Amino acid sequence: MKRRDFLKYIGVGGAGGVLGFIFGKVSKPPVGKLMPYLIPDPDIIPGVANWYASLCAHCGAGCGVLVKVMEGRVKKIEGNPEHPVNKGKLCALGQALPQTLYNPDRLKKPLKRTGERGRGQFAEISWEEAVSTVAKNLVDLNKSGNANKAYLLTHPLRGTFAKLAAAFMSSLGTSNIYEYELFQNRNLLYALETSMGLDCIPRYDIENTKYLLSFGADFTSTWVSPVLYSDAYGKMRQAAPGNRGKLVQVEPRMSLTGASADEWVAARPGAECVLALSIAYALVEKGYYRGGEVDAWRSALSKYKPSAAAHIADVPEKRIYEIARDFAKTRPSLAIGGETVSSYQDGVSGLTAVNILNHLAGNNGIKGGVIANAAGEKPDFKKGIAALIDDAAKGRVKTLIINNTNPVFTTPDGAKTVEALKAVGFIVSLASFKDETVALADIVLPLDACLEDWGDDEPNPSVGYPCRTLMQPAVSRAADTLGAGDVFLAVARAVGGKTAGRLKAASYADYLKDAWRDEYAKNKRMSAGTLTFDDFWNASLKKGGWWHPVGETKKAMRVSPSAARDAASKGPSMFEGDAKDFPFYFMLYPHHVHRDGRGANIPWMQELSDPMTSVVWGNWIEINPKTAERLGIREGALVTIESPFGKVSAPAYLYPGIRPDTAAMPIGQGHDAYGRYAQGKGQNPIRILPFKNDLRTGAFAVNSTRVKISPAAREGGIVKLEGTANEAGRDIAQTVSVSEYMKMKKEAV
Amino acid sequence: MPAVILQLRKVTVDKRTYSEVNKDILRLMTKTGPGYYAALGIVASLAGILFFLPWAYQIYRGQGVTGLNVPVLWGVYLVNFVFWVGIAHAGTLISAMLFITKTPWRRAIARGAETMTLFALILVALYIFIHMGRPWNAYWTMPYPNQRELWLNFMSPIMFDVFAIGTYTTSSAVFLYFGMIPDLASLQHQTTGWRKKLYSTLSLGWRGTDAQWTVHGRATMFFSSFIMPLVVSVHSIVSWDFALSLVPGYSQTVFAPYFVTGALLSGLAGVMLMFTIMRWAYPFLTKYVTDYHYDRVGALILALSLVWSYFTCMEVFTGLYANTSLELEHLKFKILTLPYFKLYFLMIFCNSILPLSLIFKKLRVSRPFMLFLCIFVLIGMWLERYLIVPNALSRKFLPFMWHDYTPSWVEVSITLGALMFFVSLFMVSIKLFPVISLFEVKEDIGIPMKHEHRKDGA
Amino acid sequence: MSGNPIKAIIERLKEFRRPGYYKNYDHKWTMVIDLDRCNGCEACVTACYAENNLPVVGKEDCGNSRVMNWIRVERYVAGEYPDVKVKFIPILCQQCSKAPCELGCPVYATYHNQDGLNVQVYNRCVGTFTCATYCPYDVRRFNWFTYKWDAPLEQQLNPDVTVREMGVMEKCTFCIQRIRAGKDKAKDEGRAVKDGDITPACAQSCPAGAFTFGDLNDPESRVSMLAKSRRRFRLFEELNTEPSVIYLKKVFADGGGNPPVGGHTLAGGHPPVKEGHGG
Ligand SMILES: Nc1nc2c(c(=O)[nH]1)N[C@H]1C(S)=C(S)[C@@H](COP(=O)(O)OP(=O)(O)OC[C@H]3O[C@@H](n4cnc5c(=O)[nH]c(N)nc54)[C@H](O)[C@@H]3O)O[C@H]1N2
Ligand SMILES: Nc1nc2c(c(=O)[nH]1)N[C@H]1C(S)=C(S)[C@@H](COP(=O)(O)OP(=O)(O)OC[C@H]3O[C@@H](n4cnc5c(=O)[nH]c(N)nc54)[C@H](O)[C@@H]3O)O[C@H]1N2
Ligand code: SF4
Ligand code: SF4
Ligand code: SF4
Ligand code: SF4
Ligand code: SF4
């Protein structure tokens with residue numbers, strides 16, 4: 001550790017002391033503005049910053065952060081340089097943590113529904129009332145023998161809180177825990193498990209690879225762990241002199257990552273799986289594959305000869321062979337499959353095909369290839385969002401606790417989510433903002449921002465060795481809120497009986513510390529050496545968690561020809577709608593900072609221009625300029641996008657990086673609720689999708705319909721920062737060709 | 001009386017007498033009808049509503065009420081600034097340059113031109129404040145001693161401006177006042193009440209002795225020589241606000257003479273417009289501002305228009321010659337993109353094509369035609385500045401930042417309101433001070449017989 | 001110099017006229033940006049917002065091109081489907097050694113400090129726009145209005161950095177508050193500033209590690225090493241502004257190098273596959 005970094009890790013003791021985490025003793029924010037200066041907290045020295053190591057909870061990547069606190073206020077978030085996931089770096093959304101903490105639209109008190117459900121009318125109530133109402137409902141449910149009709153719908157959980165939630169639900173006599181988020185890696189985990197036998201997301205060693213073949217993985221922007229992979233990308237490009245990994249991106253719509261690729265392969269939407277398998281066939285056919293069962297592989301893949309696949313995937317046969325040759329001959333190489341592929345109706349097949357490629361090229365278990373991790377959290381594949389909505393609609397859900405996830409926004413009209421939720425007897429929503437789902441709740445429990453709360457995390461994908469991140473409060477609560485852990489404990493206490501018995505901790509902070517004590521006791525994973533628990537705990541607080549490189553996890557990663565047969569049996573993915581009436585494939589992708597819509601309430605994120613279109617404060621639809629010309633659509637003109645399931649409108653952005661037969665829209669805008677910054681910014685394209693869910697994984701497929709596009713007469717009100725994307729021959733962002741670059745032997749990098 | 005003046009060709013109608021001159025001017029100054037008050041009332045209230053109120057609003061809200069943006073940070077205010085500096089050039093040209101070159105027809109129109117210069121410069125100064133983000137700190141652009149040892153950046157063309165405009169305003173004011181002293185002395189005898197007091201105070205004891213006339217003549221010569229370089233320097237310096245930058249469309253070596261030519265062109269058009277309107281309001285002025293003036297000024301406008309046209313061609317030509325994306329994009333935007341395409345050719349029509357008609361003497365002396373022409377030349381010259389100042393900034397170096405500019409209502413209103421303010425100032429001033437130089441016009445008439453002189457009482 | 005004070009002054013002034021006079025000073029802060037690493041994610045932009053109290057102006061003023069970003073990622077696109085080439089270039093104040101903006105400012109509100117930085121004195125600025133007009137890189141931002149933070153968002157404001165008032169010009173400072181802090185700390189510890197002591201917010205955040213910040217006067221610094229790269233170039237070098245931001249060229253796989261004058265066409269047909277160029 002660098003000395004200067006060490007100095008930042010000032011202990012949390014003092015600030016921790018002033019924070020009342022026990023329910024009922026929620027500490028108030030420092031009185032007014034003047035008091036902190038008159039009677040300063042021992043920790044507060046005006047003008048001097050305290051730094052707390054913690055965890056970013058803006059997405060599931062689990063980056064470690066350092067929080068700069070001055071005068072009791074969070075001033076800045078920086079990456080924790082020691083943290084193995086993000087190594088001191090942060091993405092734009094992570095930087096925006098303070099704007100979630102100090103967001104003017106945060107829920108400040110518990111709420112009780114007053115009006116009709118869905119009208120969004122609420123009255124403020126006390127925590128006592130809120131918690132006893134919830135507890136009474138659960139107790140009544142139990143008494144009436146309907147315990148198994150209590151459900152928890154939550155964002156994917158990891159670490160200690162996952163255990164707490166499971167204990168809570170099981171103590172109530174139910175195992176109905178549904179995890180849902182729009183981009184949830186369900187298909188990825190399933191494909192890894194079924195075809196490779198992996199119980200984790202492995203480490204895709206992008207950093208050390210020489211040839212990266214990405215099937216729609218926008219890994220520098222939104223896929224799985226953006227900071228981890230952006231860092232790896234930078235190193236892949238320019239870490240060692242003269243070595244520069246090549247990136248080939250296969251996707252119908254050029255993503256931010258695709259924009260940086262050396263080659264963009266605009267395969268037909270849904271046919272990436274076919275393309276991958278044909279590359280796999282070429283590997284076998286040309287003898288690049290050096291493993292066993294050659295004949296079995298050849299026959300398993302025989303349906304996907306490049307000559308046939310070329311037509312399906314709209315990629316020239318020659319190019320398929322070239323990719324196969326480069327992928328096999330460049331050592332090490334690596335294939336990955338991302339959101340585009342996994343968001344098709346048959347997302348698992350495409351991801352399985354990617355596993356097959358890595359297997360055939362011999363990329364598994366090697367540096368620069370696929371490296372196994374320790375087991376990670378995994379969803380229950382049977383408990384997808386569709387199953388929950390179905391249960392709710394059929395009246396099987398009496399009480400629903402929704403923890404910080406927004407299915408009303410992220411499911412289509414056709415899912416009838418609102419109707420289903422209206423059929424639920426009692427809804428408790430744990431959230432920080434009044435989003436579309438919260439609007440349907442009976443009781444709303446306002447949550448802490450992550451900078452006010454305790455927590456921990458085991459990143460998935462991990463970093464090749466055990467890693468646990470600690471989240472600790474950096475400032476006292478800004479409003480009358482509680483952490484989700486404390487809410488569950490408080491409810492458990494109020495429910496009493498077995499539940500209170502199982503969850504005895506006075507606060508979630510205590511619960512967390514106890515959980516870490518257990519981990520410490522095992523000592524195996526944590527490698528705490530000779531440290532006492534208290535030292536270990538304090539060291540973890542200072543460091544932001546505990547991690548220790550103890551050698552790589554060795555796991556067999558084999559893909560069998562039968563996996564190929566499974567994947568191959570499906571062919572290209574289906575799109576709803578007749579090609580004649582609905583001529584365009586419709587691709588939805590997560591906005592680079594709004595992600596699944598969560599970032600839309602942050603003013604910085606609204607004003608941060610989309611890197612590919614430079615659009616701010618709004619939504620747009622991407623259409624190839626040629627197509628637009630044919631349809632008579634000018635840039636910025638409002639167009640109507642109609643699928644067999646509904647229509648939305650958005651201004652057109654003429655985007656050269658998209659197939660002429662495809663239209664694309666970012667997900668994230670179009671909120672009806674969720675605060676002043678998010679509301680009324682365009683329309684939500686998810687609404688017009690069919691509600692297609694993978695039967696095996698329960699994943700909701702967003703790339704599953706065709707649409708037609710018709711110009712509306714109005715101007716769309718698009719606001720973009722770019723004057724023009726044409727460099728006008730001015731040689732501004734200068735480039736050097738690969739051959740020239742290779743001649744730069746003495747490159748002093 | 002210096003001999004040179006006596007030898008000058010007589011340009012005004014010689015039938016007038018000294019007393020008639022006095023009476024005419026006095027009538028203009030003192031006989032005020034309801035029409036004048038009505039006109040002044042309208043113009044002054046327009047100045048208040050269109051100029052002062054929006055400006056106050058702008059100071060309160062910030063420069064954001066304009067249409068300015070990044071990269072177009074110089075807009076209509078700077079256009080107006082340059083335009084009014086141009087208008088101000090007529091005074092110096094006619095008073096100083098034509099004095100030194102002994103051009104006789106200047107006498108009747110010199111005072112009016114000088115007055116116009118002064119008021120135009122007041123507008124110029126106002127536009128500097130209007131254009132500033134923090135006008136309340138405007139005095140920071142002055143070199144004044146202060147404890148923090150803050151000093152000015154004398155490399156900055158903006159600083160050159162401050163000094164150029166400052167020098168020009170001061171010397172124009174002195175020149176105007178100095179030239180007026182004999183007239184003020186003569187007026188004190190013909191007026192009563194506050195006017196008499198005012199004129200006798202301002203005339204500084206002028207008695208018209210030979211010695212005084214000799215000093216006056218020499219001093220006029222001195223001031224003229226002093227002020228003459230300003231004709232060239234002031235607008236050159238203003239052009240350096242642009243030419244010393246690197247911005248394509250600004251960084252033009254041709255700008256200094258181009259701007260000076262344009263300034264003189266618009267200045268002359270301004271003077272003739274003003275006299276034409278005054279002749280309409282006060283028909284007796286026809287005796288002083290005659291066809292001969294129209295003929296001569298018309299010829300000068302023609303000459304300046306030709307020079308201006310040459311520079312305009314050169315500006316395009318050097319850009320084409322440079323053949324870089326920077327220069328070509330700028331030209332393309334300025335000349336070939338709507339709506340600037342229309343504005344550009346309107347400018348060419350106003351400043352190059354229309355003035356060619358002045359070849360014909362008949363048109364030069366036609367007052368309606370000259371009125372029409374002067375208005376068009378002024379519009380053309382305003383457009384020239386508009387097509388340079390914000391337009392070049394719309395297409396700077398980095399295409400990602402290219403952005404267009406449209407003036408906001410505040411800018412449009414202030415532009416029109418400031419014009420009204422100028423007109424109000426002028427209208428008030430013709431009632432207070434002789435807009436035609438009495439003694440110089442009398443020089444035209446020549447030295448009368450002794451008895452005539454006495455009868456006149458001058 | 002034989003004690004002639006005038007001569008001494010002239011000699012001193014001559015120093016300033018010599019190109020690279022800053023070499024005589026302690027530091028020459030320099031940013032190297034590797035375009036081959038930058039993937040356009042804009043983490044740098046948000047980091048700068050957070051560090052430097054940049055206001056959010058809203059949709060309408062974004063449309064008026066009045067967004068207050070001190071660093072932006074410009075994106076240029078050439079070619080037509082399917083041969084589309086995209087390039088990103090983060091642009092911040094280039095901290096020109098011969099800064100056109102400094103020439104323009106009448107009141108020295110923007111001037112050169114002895115670390116080779118182009119500094120902006122908000123208090124002194126009277127808002128003539130000259131600096132921004134003269135800046136070839138369009139990095140200067142003007143406070144068109146009094147910008148407000150919706151309560152309680154103002155609680156995040158960084159006390160190390162001023163909140164600027166209406167009517168003044170602002171721009172990237174190379175995070176001068178961090179430079180200041182780094183120098184102070186080194187001084188407190190009785191040592192010289194080391195390479196790596198100071199990192200501006202944008203550089204610190206960049207997930208791809210595209211930025212390197214340091215002292216060009218220190219021959220051992222990483223920026224001094226990178227500045228020797230054969231991929232180096234500076235933005236509009238021909239303007240002779242001598243920027244302190246050095247870019248490293250992006251490597252393009254097509255063998256075509258830079259787009260020809262006029263933009264648009266970059267590559268014809270599919271790029272030739274170069275066997276193993278990655279290794
Ligand atoms: N504003 C201003 N005026 C000046 C000076 C000044 O510094 N600023 N300096 C004075 C001095 S010392 C001189 S020598 C003169 C110089 O006066 P000019 O010769 O006019 O010099 P520039 O304006 O530098 O260049 C004229 C045009 O040539 C273009 N150009 C550049 N390179 C080439 C090329 O290779 N081929 C072609 N065809 N065109 C090219 C430029 O883009 C520009 O538009 O200006 C004098 N006047
Ligand atoms: N990048 C680039 N370089 C160029 C050119 C270009 O277009 N681009 N143009 C070239 C050309 S054409 C020229 S002429 C040269 C000009 O190059 P220089 O001759 O270096 O011109 P300036 O930089 O204007 O410097 C003139 C210096 O003289 C000082 N000075 C001013 N008046 C006087 C005086 O009366 N006496 C004395 N002793 N000093 C005085 C000024 O303060 C200034 O320091 O630059 C050449 N170099
Ligand atoms: S990727 Fe960004 S949002 Fe996600 S945890 Fe890391 S810093 Fe936070
Ligand atoms: S943070 Fe780094 S990779 Fe992202 S846009 Fe900025 S310079 Fe490029
Ligand atoms: S806007 Fe401010 S810094 Fe810029 S030139 Fe004017 S006074 Fe100087
Ligand atoms: S980039 Fe612009 S603002 Fe920065 S020093 Fe250079 S000219 Fe000045
Ligand atoms: S160096 Fe600092 S001020 Fe400049 S762009 Fe980066 S973060 Fe912003």
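Keep in mind that what you see is a predicted model, and the values were worked out from it rather than measured. Throughout, protein chains are lettered first and strands after them, A, B, ... in sequence-line order, and every chain is numbered starting at 1.
Taken from CG in Leu398(B) to CZ in Arg72(C), the straight-line distance is 5.5 Å, to the nearest 0.5 Å. Here Met169(C) contributes atom CE and Arg134(B) contributes atom CZ; the two are 11.5 Å apart, rounded to the nearest 0.5 Å. Distance OH/Tyr134(C) to CD1/Ile158(B): 5.5 Å, rounded to 0.5 Å. Met159(B) CE to Leu103(C) CG: the interatomic distance, rounded to the nearest 0.5 Å, is 12.0 Å. Interatomic distance, CG of Asn240(C) versus CG of Leu246(B), reported as 9.0 Å (0.5 Å rounding). Once rounded to the nearest 0.5 Å, the distance linking OH of Tyr405(B) with OG of Ser65(C) reads 14.0 Å.
The shortest side-chain heavy-atom distance between Cys135(C) and Phe397(B) does not fall under the 4.5 Å cut-off. Asn153(B) has its side chain out of reach of Val107(C): every pair of non-hydrogen atoms, C-beta onward, lies at least 4.5 Å apart. Here the side chains of Phe129(C) and Gln63(B) are in contact, with some heavy-atom distance below 4.5 Å. You'll find the side chain of Thr133(C) reaches within 4.5 Å of the side chain of Tyr250(B), heavy atoms only. Residues Glu102(C) and Met155(B) have side chains not in contact (no heavy-atom distance under 4.5 Å, counting atoms from C-beta outward).
Highest contact tally toward chain C, considering only Ser245(B), Gly62(B), Pro71(B), Ser156(B), is held by Ser156(B) [criterion: heavy-atom pairs under 4.5 Å]. Counting heavy-atom pairs under 4.5 Å between each of Val168(C), Thr146(C), Leu235(C) and chain B puts Val168(C) at the top. Between chain C and the options Asn137(B), Leu150(B), Leu78(B), the largest number of non-hydrogen pairs under 4.5 Å is found for Leu150(B). The greatest number of non-hydrogen atom pairs below 4.5 Å with chain B, out of Phe145(C), Tyr111(C), Trp144(C), is found for Trp144(C).
With a threshold of 4.5 angstrom between heavy atoms, Pro399(B) approaches chain C through its backbone and through its side chain. Heavy atoms closer than 4.5 Å to chain C are found nowhere in Ile128(B), neither backbone nor side chain. Contacts of Trp151(B) with chain C are made by backbone atoms alone, with heavy-atom separations under 4.5 Å and no side-chain atom involved. Using a 4.5 Å cut-off between heavy atoms, Leu393(B) contacts chain C through its side chain alone, with no backbone atom that close. Within the 4.5 angstrom heavy-atom criterion, atoms from both the backbone and the side chain of Val65(B) approach chain C. With a 4.5 Å cut-off on non-hydrogen atoms, Leu68(B) touches chain C through its backbone and its side chain both. For a residue to count as touching a neighbouring chain, one of its non-hydrogen atoms must lie under 4.5 Å from one of that chain's; by this rule His403(B) touches chain C with the side chain only. For Thr66(B), the parts sitting under 4.5 Å from any heavy atom of chain C are the backbone and the side chain alike. Proximity to chain C involves both the backbone and the side chain of Val70(B), based on heavy atoms less than 4.5 angstrom apart. If you measure heavy-atom distances from Pro136(C) to chain B, the contacts under 4.5 Å come from both the backbone and the side chain. Using a 4.5 Å cut-off between heavy atoms, Phe129(B) does not touch chain C at all. Residue Phe160(B) does not touch chain C at all, counting heavy-atom pairs closer than 4.5 Å.
Of all non-hydrogen atoms in Ile59(B) and Met166(C), the two that sit nearest each other are O-CE, 3.4 Å. Between Lys396(B) and Asp138(C), the closest heavy-atom pair is NZ-OD1, 2.9 Å.
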